[in-house]
Enquirer: 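Once you've had a glance at the structure underneath, I'll fire off some questions.
Atom set for the values below is all heavy atoms of this structure, side chains included, hydrogens, waters and symmetry mates excluded. Chain naming here is simple, since letters A, B, ... match the order of the sequence lines and numbering starts at 1 in each.
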Amino acid sequence: MNLEKYDLLSNESRRSYEFFSEGPKGPIKKVVMFQEISGYLYNLAFGDWDDENECINDSVRTNNLDRDKVLASVASAVLDFISFHKDALIFAKGSTPEKNRLYQMSIRRHWPEISRLFDIVGFCRNRWEDFQSGRNYEAFLIKLK
Amino acid sequence: MTSIAMKKNKTSNIIVTKKMKDYSQDAVFKKKADEAAAFLTKNGMPRNFARKSK
């Protein structure tokens, strides 16, 4: 996917990534983490770094007018992570229903490319199903084909 | 933040560093991991994604 995205900093384990969102609100540090839940299962976590309190804030709406670039940067982190952890299953759940809708809109928008590389399922109506348009999913699972 | 850039792939936008803050102990991230585990325990895994424990 040839989308505009930020440069990322990653650690050697390729499980943590940082980048800076640039916009009207200035530089805002974003952190993407792949947290191990079990041996092969990872949770995708994402948030703003709060310098003042030295902690992650995942409930803030940054509004730095670079939403698509931020999402592309997160996608870039996913691609990099999974290239180093080919057997991984990635669980992703937005902190709000609105964020989940944003994620599924992004997946749908780039579905031809995404579906070539990944199998994605969404959780809806108490069951997992293959990702499809028109659904409001609560969570997603992603793995390499 | 002090970081030592190890390498940047010419075709990649990713710089690998030896020095990065350890976010794994962040309270928000730990809570999200717990919530993810609880969600999957409650709702299970799709059949074609589930794997046998080693």
Enquirer: Give, as side chain, backbone, both or neither, the part of A:Leu141 having an atom under 4.5 angstrom from any heavy atom of chain B.
Expert: both

Enquirer: Please state whether the side chain, the backbone, both or neither of B:Ala37 comes within less than 4.5 Å of a heavy atom of chain A.
Expert: both

Enquirer: Could you check if a side-chain atom of A:Ile56 sits within less than 4.5 angstrom of a side-chain atom of A:Met33, using non-hydrogen atoms only?
Expert: no

Enquirer: Is there side-chain contact between B:Asn48 and A:Asp119, with heavy atoms separated by less than 4.5 Å?
Expert: no

Enquirer: At a heavy-atom separation under 4.5 Å, does B:Lys30 approach chain A through its side chain, its backbone, both, or neither?
Expert: backbone

Enquirer: Given the options A:Asn126, A:Ile37, A:Asn57, which has more heavy-atom pairs under 4.5 Å with chain B than any of the others?
Expert: A:Ile37

Enquirer: Using the six-membered ring wherever Trp is involved, compare the ring planes of A:Phe34 and A:Phe81 and label them parallel, tilted or perpendicular (cut-offs 30° and 60°).
Expert: parallel

Enquirer: Do A:Leu71 and A:Arg67 have side-chain heavy atoms sitting under 4.5 Å apart?
Expert: yes

Enquirer: Report which part of A:Phe123 has an atom under 4.5 Å of a heavy atom belonging to chain B: side chain, backbone, both, or neither.
Expert: side chain

Enquirer: Can you say whether A:Phe46 sits under 4.5 Å from chain B via the side chain, the backbone, both, or neither, judging by heavy atoms?
Expert: backbone

Enquirer: Considering only heavy atoms from C-beta outward, does the side chain of A:Ile90 approach that of A:Phe118 to under 4.5 Å?
Expert: no

Enquirer: By a 4.5 Å heavy-atom criterion (distance strictly below it), what part of A:Leu41 contacts chain B: side chain, backbone, both, or neither?
Expert: side chain

Enquirer: Shorter than 4.5 Å, heavy atoms on both sides: which option in A:Phe19, A:Trp49, A:Tyr17 has the most such pairs with chain B?
Expert: A:Trp49

Enquirer: Using salt bridge (charged side-chain N to carboxylate O under 4.0 Å, His left out), reason through A:Arg14 and A:Asp80 one step at a time and then give a plain yes or no.
Expert: CA-CA 7 Å; A:Arg14 304 304 254 260; A:Asp80 188 75; 2.7 Å; yes

Enquirer: If you define the side chain from C-beta out and look only at heavy atoms, does anything of A:Lys69 sit under 4.5 Å from A:Glu22?
Expert: no

Enquirer: In terms of heavy-atom proximity below 4.5 Å to chain A, should B:Asn43 be classed as side chain, backbone, both, or neither?
Expert: both

